Amino acid sequence: MATKPPVTLQEDWESTLLPWLDRVSAQLDVECVDLDVDRVHLMTGVVAEGVQRSMAPISAFLVGAAVARGASLEQACAAVEEATGATLRAPGVG
């Protein structure tokens with residue numbers, strides 16, 4: 001199965017995705033947030049594949065809430081991935 005390159009290396013990153021992200025960040029007044037797009041994308045991929053695709057945006061929202069409360073982005077993403085792994089290992093799941 002072919003995998004896509006990291007979001008920031010995709011052909012349309014500079015022309016489409018980054019300008020859109022900048023507009024959304026400005027609209028939400030969060031331009032100062034240090035966002036690692038590729039890390040969040042990796043975490044949501046783990047959730048989409050390990051739980052259900054519909055939970056990927058919900059996990060991103062929860063990571064954002066955790067970061068707003070003081071967690072690092074890496075800590076929050078890792079916690080979601082750990083919980084997803086625990087879900088996959090639970091009896092009767094997966």
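In this text the structure is predicted, and so the values were computed from the model without any measurement.
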Specify the closest pair of heavy atoms between A60 and V40, including all atoms of both residues, with the distance to one decimal. CB-CG1, 4.5 Å

What's the spacing between S59 OG and E81 CD if we round to 0.5 Å? 9.0 Å

Go through it in stages, so that I can follow the logic: the residues are L17 and V7, the test is side chain to side chain contact (heavy atoms under 4.5 Å, CB included), and I'd like the CA-CA distance, side-chain angles, deciding distance and then a yes or no. CA-CA 9 Å; L17 302 177; V7 175; 4.0 Å; yes

Does I58 share a hydrophobic cluster with L42, counting links as ILVMFWY side-chain heavy atoms below 4.5 Å and allowing steps through other members? no

Return the CE to CG distance between M43 and L73, rounded to the nearest 0.5 Å. 7.5 Å

Those residues that, when tested against A48, pass side chain to side chain contact (heavy atoms under 4.5 Å, CB included) (two or more places apart): R53, A56

Does V46 belong to the same Ile/Leu/Val/Met/Phe/Trp/Tyr cluster as V67, with side-chain heavy atoms less than 4.5 Å apart forming each link? no

Just do the side chain to side chain contact (heavy atoms under 4.5 Å, CB included) check on V37 and L18 with the steps written out, would you? CA-CA 10 Å; V37 172; L18 183 57; over 6 Å; no

Summary of side chain to side chain donor-acceptor pair (under 3.5 Å) pairs that have at least one residue in residues 6-32, sequence neighbours excluded: T8-D38

Residues E74 and S72: side-chain donor-acceptor under 3.5 angstrom: no

